[in-house]
Amino acid sequence: MIVALLNQQGGVGKTTLALHLAGVWACQGHRITVVDADPDACAVEWSELRAQETLPSRFTVIAIARDTLHRELPPITRDVDRAIIDGPSHIEPITRSALMAADFVLVPVQPPPFQGLAFVETLRLANGIMTVRPQLRIRLVLNRCNARAGVTQNLTQALADYDPPALTSSITERAVFAEVMQSGRLAFELPHSSAAIQEITALAAEVERIVP
Ligand SMILES: Nc1ncnc2c1ncn2[C@@H]1O[C@H](COP(=O)(O)OP(=O)(O)OP(=O)(O)O)[C@@H](O)[C@H]1O
Ligand SMILES: [Mg+2]
């Protein structure tokens, strides 16, 4: 299975969620490769930092930030259970290629304000690809939400009826997630992460229910 984290908007949590889905599934015994499709190479840098700190790799991270991703992936994914594409922002040809490669697309969105343009643009690209790949599944996922904020609740309700809908699982704004990129660690390798672990595990389980 190939899962892609895509949103043409930057900073919405594509890399953070890609690494954590990979971490959860790797800990469950699946063979995982994260494909860094972003020329900024944040996932690759994270894995290099990890290697410098002699932390266990848990999963492979490779860089394919090219619009030929969909043609390059099949031989790479043959030997893994799941590949997770960490998409770029504002690079339409690579996002299109990821949409051609993926079985399941997660679009992280953040409240507030609801970032309409790039998000809708990503869905427009996805709808175009679905005319030739109707089997492609897409879901939104709320990231960096504050469960107590009324605006988040309103957005959650609005997105539940959206097409494509949002997942029931969402990810809260947490300091432990913000430490991930600088530390080369996953949230569950850092202190005070039990709530973060629960959220990420629930997200991974919900994705698996949609694309087993
Ligand atoms: N749930 C969260 N709680 C706190 N911080 C978060 C959360 N999700 C992401 N962040 C932080 O927000 C920033 C952007 O996240 P991330 O790099 O994952 O986004 P991105 O969509 O991959 O961005 P880009 O398009 O630039 O690659 C990072 O500093 C990350 O640590
Ligand atoms: Mg990123």
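Counting convention: from 1, in listed order, for ligands and their atoms alike.
Counting protein heavy atoms only, atom 3 (N) of ligand 1 is closest to Arg174 N, 3.0 Å. Of the protein's non-hydrogen atoms, the one nearest atom 23 (O) of ligand 1 is Gly11 N, 2.8 Å. Among all non-hydrogen protein atoms, the one lying nearest atom 17 (O) of ligand 1 is Thr15 CB, 4.1 Å. The nearest protein atom to atom 18 (O) of ligand 1, hydrogens excluded, is given as Thr16 OG1, 2.6 Å; this is a heavy-atom distance.
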For the pair Leu186 and His20, evaluate side chain to side chain contact (heavy atoms under 4.5 Å, CB included) and give the outcome as yes or no after the intermediate values.
CA-CA 7 Å; Leu186 293 163; His20 283 87; 4.0 Å; yes

Criterion side-chain hydrogen bond (donor to acceptor under 3.5 Å, both in side chains) on Asp67 and Ser97, from CA distance to verdict
CA-CA 5 Å; Asp67 60 7; Ser97 184; over 6 Å; no

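Residues Asn143 and Val12 are not in side-chain contact: their nearest non-hydrogen atoms beyond the backbone lie 4.5 Å or more apart. Between Val80 and Thr60, every side-chain heavy-atom pair lies at or beyond the 4.5 Å cut-off. Between Glu121 and Glu92 there is a side-chain heavy-atom pair separated by less than 4.5 Å.
Residue contacts with ligand 1, taken as heavy atom pairs separated by less than 4.0 Å, involve Asn143 solely via side-chain atoms from C-beta onward. Within the 4.0 Å heavy-atom criterion, the part of Ile171 lying near ligand 1 is the side chain and not the backbone.
How far CG of Leu17 is from CZ of Phe177: 7.5 Å, rounded to the nearest 0.5 Å. Rounding to the nearest 0.5 Å gives a distance of 4.5 Å between OG1 of Thr122 and CD of Gln8.
For the Mg ion (ligand 2), the set of nearby N, O or S atoms under 2.8 Å includes one belonging to Thr15.
Residue contact check: Gly13 has heavy atoms under 4.0 Å from atoms 15 (O), 16 (P), 18 (O), 19 (O), 20 (P), 21 (O) of ligand 1. Each of the atoms 25 (O) of ligand 1 lies under 4.0 Å from some heavy atom of Ser89. Close approach of ligand 1 to Thr172 is summarised as follows: ligand atoms under 4.0 Å from at least one heavy atom of the residue are 1 (N), 2 (C), 3 (N).
Close N/O approach between Val12 and ligand 1 is found [any backbone or side-chain N/O within under 3.5 Å]. Below 3.5 Å of separation, one finds an N or O of Asp38 facing an N or O of ligand 1.
No donor-acceptor distance shorter than 3.5 angstrom exists from the side chain of Arg96 to the backbone of Gly128, with no hydrogens or angles considered.
Heavy-atom separations between Val176 and ligand 1 are all 4.0 Å or longer.
A salt bridge does not link Lys14 with Asp86: every distance from a Lys NZ or Arg NE/NH1/NH2 to an Asp or Glu carboxylate oxygen is 4.0 Å or more. Under 4.0 Å is where a charged nitrogen must lie from a carboxylate oxygen, and between Glu206 and Arg139 no such pair does.
When Arg144, His90, Lys14 are checked for heavy-atom proximity to atom 12 (O) of ligand 1, Arg144 turns out nearest.
Distance remark: protein heavy atom not present below 4.0 angstrom from atom 28 (C) of ligand 1.
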